[in-house]
Amino acid sequence: MPELRVVTQNIWGINEHWQERADAIGRNMVDLEVDIVCIQESAPDHFEVLKSQSFSSFPHASYAPGDDGSVTPMPLGLAMISRLPLLDTGKVDIGRERERSNPWMRILQYMTVATPSGHPLTVFNTHLFLSSGQKASGIRACLDFMQRDSLDRVVSVSQVNTEAIVDGSLLLSDHIGVMATIAQ
């Protein structure tokens with residue numbers, strides 16, 4: 001049975017080396033033959049560059065802003081970029097950080113794609129809370145929403161992008177990427 005590859009990767013927001021890092025992650029996703037990339041910490045203008053440059057070989061994309069227009073410090077959100085045609089996209093708010101110093105809105109982004117086998121696949125993307133209690137409640141909210149889709153098609157899970165690049169001086173992210181291989 002054919003398999004699909006989905007990677008989740010935090011691209012570390014926009015800072016000094018964001019474009020170099022995003023381009024390296026995009027090349028890495030092509031090398032790994034990834035079908036769908038789930039990205040955390042992307043801004044709206046950053047997303048446009050990701051689509052047109054870093055991930056230009058992925059023709060389908062969706063952006064979900066991670067703020068509600070109030071007190072979020074920066075306009076970082078979630079992005080999903082796919083080689084497979086989109087059938088549906090959306091987001092669900094799962095709450096705001098309780099700490100005053102970190103008032104981020106947290107969301108669950110989803111994308112349903114048309115697979116070559118004809119079986120639609122829904123993939124989920126999130127950037128969870130920092131505090132343990134809020135992480136647990138955010139995970140529960142995500143799982144409650146995700147129960148409409150089965151996880152029994154997951155074949156394997158592995159880490160990606162764990163090494164530094166460019167002569168060891170630039171890390172791809174401050175998070176390790178995770179790749180799920182999924183049966184169609």
Side-chain angles (χ1 to χ4, degrees), residues 5-30 32 34-114 121-130 134-135 138-139 141-142 145-146 160-161 165 170-180:
R5 292 181 177 175
V6 178
V7 168
T8 179
Q9 181 71 61
N10 185 314
I11 58 170
W12 212 349
I14 297 178
N15 53 39
E16 185 179 352
H17 298 287
W18 77 266
Q19 184 63 60
E20 185 180 1
R21 217 176 20 261
D23 289 348
I25 291 170
R27 287 189 303 274
N28 184 247
M29 297 299 108
V30 170
L32 292 172
V34 172
D35 298 291
I36 300 170
V37 182
C38 302
I39 297 171
Q40 300 86 45
E41 295 188 16
S42 176
D45 55 340
H46 184 235
F47 174 63
E48 293 305 318
V49 173
L50 291 176
K51 284 192 320 184
S52 64
Q53 184 175 327
S54 306
F55 294 87
S56 59
S57 63
F58 294 77
H60 309 283
S62 175
Y63 182 78
D67 65 15
D68 60 1
S70 59
V71 296
T72 300
M74 292 185 292
L76 296 180
L78 303 173
M80 296 176 88
I81 300 173
S82 174
R83 294 181 195 271
L84 305 170
L86 307 182
L87 299 174
D88 188 26
T89 63
K91 75 173 188 171
V92 176
D93 291 338
I94 58 173
R96 180 177 294 285
E97 295 279 355
R98 291 188 193 115
E99 294 83 12
R100 292 179 156 249
S101 63
N102 187 35
W104 295 101
M105 189 72 191
R106 300 299 179 169
I107 60 174
L108 174 67
Q109 179 187 29
Y110 60 91
M111 169 190 285
T112 303
V113 297
L121 173 69
T122 301
V123 176
F124 300 91
N125 184 21
T126 194
H127 189 281
L128 288 174
F129 298 94
L130 299 177
Q134 283 185 284
K135 274 185 194 169
I139 289 169
C142 291
F145 184 79
M146 291 167 39
V160 295
N161 295 337
I165 59 162
L170 178 67
L171 290 175
L172 289 174
S173 174
D174 58 341
H175 301 264
I176 293 172
V178 176
M179 178 167 57

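Residues in residues 50-63 take part in these salt bridge (Lys or Arg N to Asp or Glu O under 4.0 Å) pairs, two or more places apart or across chains: Glu48-Lys51. Within the structure, the salt bridge (Lys or Arg N to Asp or Glu O under 4.0 Å) test picks out no pair touching residues 77-87 (sequence neighbours left out).
The side-chain heavy atoms of Phe124 and Thr122, taken from C-beta on, include a pair separated by under 4.5 Å.
Considering every non-hydrogen atom in both Tyr63 and Ser42, the closest pair reads OH-O, 2.7 Å. In this structure, Leu78 and Gln40 approach most closely via the heavy-atom pair CD2-CG, 3.7 Å. Taking both residues in full, the closest heavy atoms of Val123 and Met80 are given as O-CE, 3.3 Å, listed atom of the first, atom of the second, then distance. In plain terms, the two heavy atoms of Val34 and Arg5 that are nearest each other are CG1-O, 3.6 Å. Smallest separation of non-hydrogen atoms from Ala22 and Leu50: CB-CD2, 3.5 Å.
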| query | Can you list the steps and then say if Phe58 with Val30 is a side-chain contact (heavy atoms from CB on, under 4.5 Å)? | reply | CA-CA 9 Å; Phe58 294 77; Val30 170; 4.3 Å; yes
| request: Output, in order, the C-alpha distance, side-chain angles, deciding distance and verdict of side-chain contact (heavy atoms from CB on, under 4.5 Å) for Ile39 and Phe47. | output: CA-CA 10 Å; Ile39 297 171; Phe47 174 63; over 6 Å; no
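Checking Asn125 against Gln109 by side-chain atom types alone, a donor-acceptor pair falls below 3.5 Å.
Take Asp35 and apply the side-chain hydrogen bond (donor to acceptor under 3.5 Å, both in side chains) test, not counting sequence neighbours, and it matches no residue. Shown here are the side-chain contact (heavy atoms from CB on, under 4.5 Å) partners of Leu86, two or more places apart in sequence or in another chain: His60, Ser82, Thr89, Met111, Val113. In this structure Val49 satisfies the side-chain contact (heavy atoms from CB on, under 4.5 Å) test together with Trp18, Gln19, Gln53, sequence neighbours excluded. When the side-chain contact (heavy atoms from CB on, under 4.5 Å) test is applied to Ser56, no partner is found at least two apart in sequence or on another chain.
Note that CG of Leu87 is 6.5 Å distant from OG1 of Thr112, once rounded to the nearest 0.5 Å. To the nearest 0.5 Å, the span separating CD1 on Ile25 from CG on Leu32 amounts to 11.5 Å. The CG atom of Asn28 lies 12.5 Å from the OG atom of Ser54; values are rounded to the nearest 0.5 Å. Taking OH of Tyr110 as the start and SG of Cys38 as the end, the distance is 14.5 Å to the nearest 0.5 Å.
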